[in-house]
Chemist: 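Can you keep this structure in mind? I'll have questions shortly.
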Amino acid sequence: MATTPMVKSFTVGSLDAKGISYDSQKDAATLASRTNNQLETFTGLKTALTASTDNLMLSLSSLTGEFTNARETALSGDIVVVGQDQLASNELINKLFFCKKSTA
């Protein structure tokens, strides 16, 4: 028997975000907030789905301003890579930022 996919949207505080990565083992989504210029990790997606809530709990964030003009993220284990696109405010420099996730 085939199952019908479920589509659900969630509200987060960032007005502009790029690059989302999902960790199914930790049930956590990490995105690059272009509003706050930081990585933001939200947990409890499965719980929010079953409870029919539309907002997620921000569980972890990086320091603000480590990158500007983020375009994409990639996740491998506890490493998140953020791609920064050149912009006048970041001296027209394309960069890759490697961040290690930590709860400490």
Chemist: Going by atom types only, do S33 and Q38 share a side-chain donor-acceptor pair under 3.5 Å?
Modeler: no

Chemist: Counting only heavy atoms not in K100 (residues, nucleotides, ligands), do more than 12 fall under 6.0 Å from its NZ?
Modeler: no

Chemist: Rounded to the nearest 0.5 Å, what's the gap from CG on N94 to CZ on R71? Could you check?
Modeler: 10.5 Å

Chemist: For V80 and S21, what are the C-alpha separation, side-chain angles and deciding distance, and is it a side chain to side chain contact (heavy atoms under 4.5 Å, CB included)?
Modeler: CA-CA 9 Å; V80 181; S21 300; 5.6 Å; no

Chemist: What pairs meet the side-chain hydrogen bond (donor to acceptor under 3.5 Å, both in side chains) rule with one or both residues in residues 80-90, with sequence neighbours excluded?
Modeler: T68-N90

Chemist: When you measure from the side chain of R34 to the backbone N and O of D16, does any donor-acceptor pair fall under 3.5 Å?
Modeler: no

Chemist: Is there a chain of hydrophobic side chains (I, L, V, M, F, W, Y, each step under 4.5 Å between heavy atoms) that links L96 to F67?
Modeler: no

Chemist: Quick check against the 3.5 Å criterion: does D27 have a side-chain atom that pairs as donor or acceptor with the backbone of K46?
Modeler: yes

Chemist: What's the shortest heavy-atom distance between S14 and E40, and which atoms?
Modeler: CB-OE1, 3.9 Å

Chemist: Please lay out, stage by stage, how V81 and F97 fare under the test side chain to side chain contact (heavy atoms under 4.5 Å, CB included).
Modeler: CA-CA 6 Å; V81 182; F97 292 85; over 6 Å; no

Chemist: Hey, quick one: are V12 and Y22 part of the same hydrophobic cluster, counting side-chain heavy atoms closer than 4.5 Å, chains of contacts allowed?
Modeler: yes

Chemist: Any non-hydrogen side-chain atom of F42 less than 4.5 Å from a side-chain atom of L31?
Modeler: yes

Chemist: Go through the side-chain N and O atoms of T41 and T30 and say whether any donor and acceptor fall under 3.5 Å apart.
Modeler: yes

